[in-house]
Number of protein chains: 2
Amino acid sequence: METLRERKKRRTREALVRAALELFTTQGYERTTVDEIAEAVDVSQRTFFRYFAGKEDAAFAVQEMTEAHFVAAVRARPPHEPPMEALRQAVLEGWDDIRETVESVVPVELYLRMYRMIESTPALLAAHLRRSAATEQTIAGLLAEREGVDVDADPRPRLAVAVFAGVIRVTERQWSTGDDFSLAAIRGLTAAYLDQVGPALTGNWRAA
Amino acid sequence: METLRERKKRRTREALVRAALELFTTQGYERTTVDEIAEAVDVSQRTFFRYFAGKEDAAFAVQEMTEAHFVAAVRARPPHEPPMEALRQAVLEGWDDIRETVESVVPVELYLRMYRMIESTPALLAAHLRRSAATEQTIAGLLAEREGVDVDADPRPRLAVAVFAGVIRVTERQWSTGDDFSLAAIRGLTAAYLDQVGPALTGNWRAA
DNA sequence: TTGTCAACTGTCAGCGACTGTCACTAGCCT
DNA sequence: AGGCTAGTGACAGTCGCTGACAGTTGACAA
């Protein structure tokens, strides 16, 4: 069972995340200082840095949970599914699950606002892309294992994941700049865009 | 013609770039301070920041030239070429041209070392990915124009570019972690990986 | 050629992110 | 109850970066 000390720690951490996201999404990321976040939770700046490696870390605390969920979702896919189909299903079916997990820490609405803030803040976008690249590595490893090929010898796992991730990026961007921020919207976009990959690669587009 | 002032400016800037890349590649990016770079060229720290928006900017000074070249190469492709073919040719044929341009500022060997440093330094990798994302936007616009479609209404331009960029990323990574750093090597990898996209997307991989 | 103007530059001062150190408090465990 | 230790606060210091101001030097006209 959870000791008092651990409980306090978890509370402090979650309070810091909530305060950080709230401040980031209202004043902007750069204009929010670590001191402000610490003060909002009534701890010292030094303590903030004991919970997070940096300001950036706090900003991605929730994203980290969703990434872990996606990886788990891919891992849970039936082994007979072709690679791209497994990725597709994992991302489409994962959202409801993710929603619940997120809600246990911060309001989903705050999570969505933060998502947009990441997309529109260069420093955060850069960090997001780097983190995505790391996740891609993990997924590539999973696919290789599923299909029984060697990740380093066979380029197909990494290529498939890179292509998939590229589509997801376009989807994210479109969703975050649109005006419908519902989960249904991003699911619809994801499915539609994945279906458009084939047409986008073949021939020229004037014929259609 | 170039005035004395402009000549001095250009020399200072190029000296700063060379000093920066030299220091970054030998001591590492984080362990190199702006003061060191400025001191190596015998200017004040303040002057460094008048030439570059930040330490990061200096690190990507050369990359910026190659990106501009790639965009120009795509723009120069015959309009009848299908989109993906235009990108492929632009990247494969662009290298020799780029090599010359790079050489006019820093030794190619230093450029290659810097490339690897970027791939292996999280902060630089993040910046690199963000910059790539920006370039992707530009290319997507070009493709849309070529094909006479609307970038915002038709997802295909962005999807095609995202897929292409994903493949290039995998190629870059493979090249920078391998042991053959020649231009021929990266050209070969690029062609091979682009050809592998189709197979990577369809069916499962065990059959092959 | 010379004087004026604008462009560059150096110096100084300061902010914010981040780190090391050290003393201290508060939960844990016997 | 009392020792042990994880967690914290306070303080000082480094580094990236910016603003303000003053000095210098090249450009260009008279």
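Below, read A as the first sequence line, B as the second, and so on, with proteins coming before strands; counting in each chain starts at 1.
- In this structure, a donor-acceptor pair under 3.5 Å is absent between the side chains of D35(A) and T33(A).
- Summarising the local packing, CD of E145(A) is surrounded by 12 or fewer heavy atoms from other residues, nucleotides or ligands at distances under 6.0 Å.
- Here dA17(C) presents its P atom at 7 Å from CG of D35(A), a figure rounded to the nearest Å.
- Remark: P of dG27(C) and CZ of R7(A) are 11 Å apart, rounded to the nearest angstrom.
- Note that CZ of F181(A) is 12.0 Å distant from CZ of R113(A), once rounded to the nearest 0.5 Å.
- Remark: the Q137(A) side chain and the R158(A) side chain contain an N/O donor-acceptor pair separated by less than 3.5 Å.
- Atom-to-atom, CG of D42(A) to C1' of dT8(D) comes out at 12 Å; the value is rounded to the nearest Å.
- One atom, CD of E56(B), and another, C1' of dC15(D), lie 16 Å apart when rounded to the nearest Å.
- Using cut-offs of 30° and 60° on the angle between ring planes, the pair H128(A) and Y115(A) is perpendicular.
- OP1 or OP2 of dT8(D) has at least one side-chain nitrogen or oxygen of Y51(A) nearer than 4.0 Å.
- Between F48(B) atom CZ and dG16(D) atom P the separation is 9 Å, expressed in whole Å.
- In this structure, Q27(B) and E36(B) have side chains that are in contact, with non-hydrogen atoms separated by less than 4.5 Å.
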Starting at the 5' end of nucleotides 18-30 of chain D, put B wherever the base has a protein heavy atom under 4.0 Å, S where only the sugar-phosphate does, and a dash everywhere else. BBB----BBS---
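- Test I139(A), D152(A), V149(A) against P157(A) for side-chain contact (heavy atoms from CB on, under 4.5 Å) and you get one pass: V149(A).
- Residues R77(B) and R146(B) form a side-chain contact, since some pair of their non-hydrogen atoms from C-beta on lies under 4.5 Å apart.
- Taking a 6.0 Å sphere around CG of D42(B), one finds it holds 12 or fewer heavy atoms contributed by other residues, nucleotides or ligands.
- Within the structure, every side-chain polar atom (N or O) of K55(A) is placed at least 4.0 Å from both OP1 and OP2 of dC18(C).
- Following rounding to the nearest Å, R10(B) (CZ) and dC8(C) (C1') show an atom-to-atom distance of 17 Å.
- Near DNA chain D, meaning a heavy atom under 4.0 Å away, the residues from residues 17-34 of chain B are T32(B), T33(B), V34(B).
- Within residues 116-131 of chain B, no residue is approached by DNA chain C to less than 4.0 Å at the level of any non-hydrogen atom.
- No salt bridge links R10(B) with E6(B); every basic N to acidic carboxylate O contact stays at or beyond 4.0 Å.
- In this structure, the CZ atom of R11(A) is 12 Å from the P atom of dG27(C), given to the nearest Å.
- Atom CZ in R13(B) sits about 16 Å away from atom C1' in dC8(C), given to the nearest Å.
- Remark: the T47(A) side chain and the S44(A) side chain contain an N/O donor-acceptor pair separated by less than 3.5 Å.
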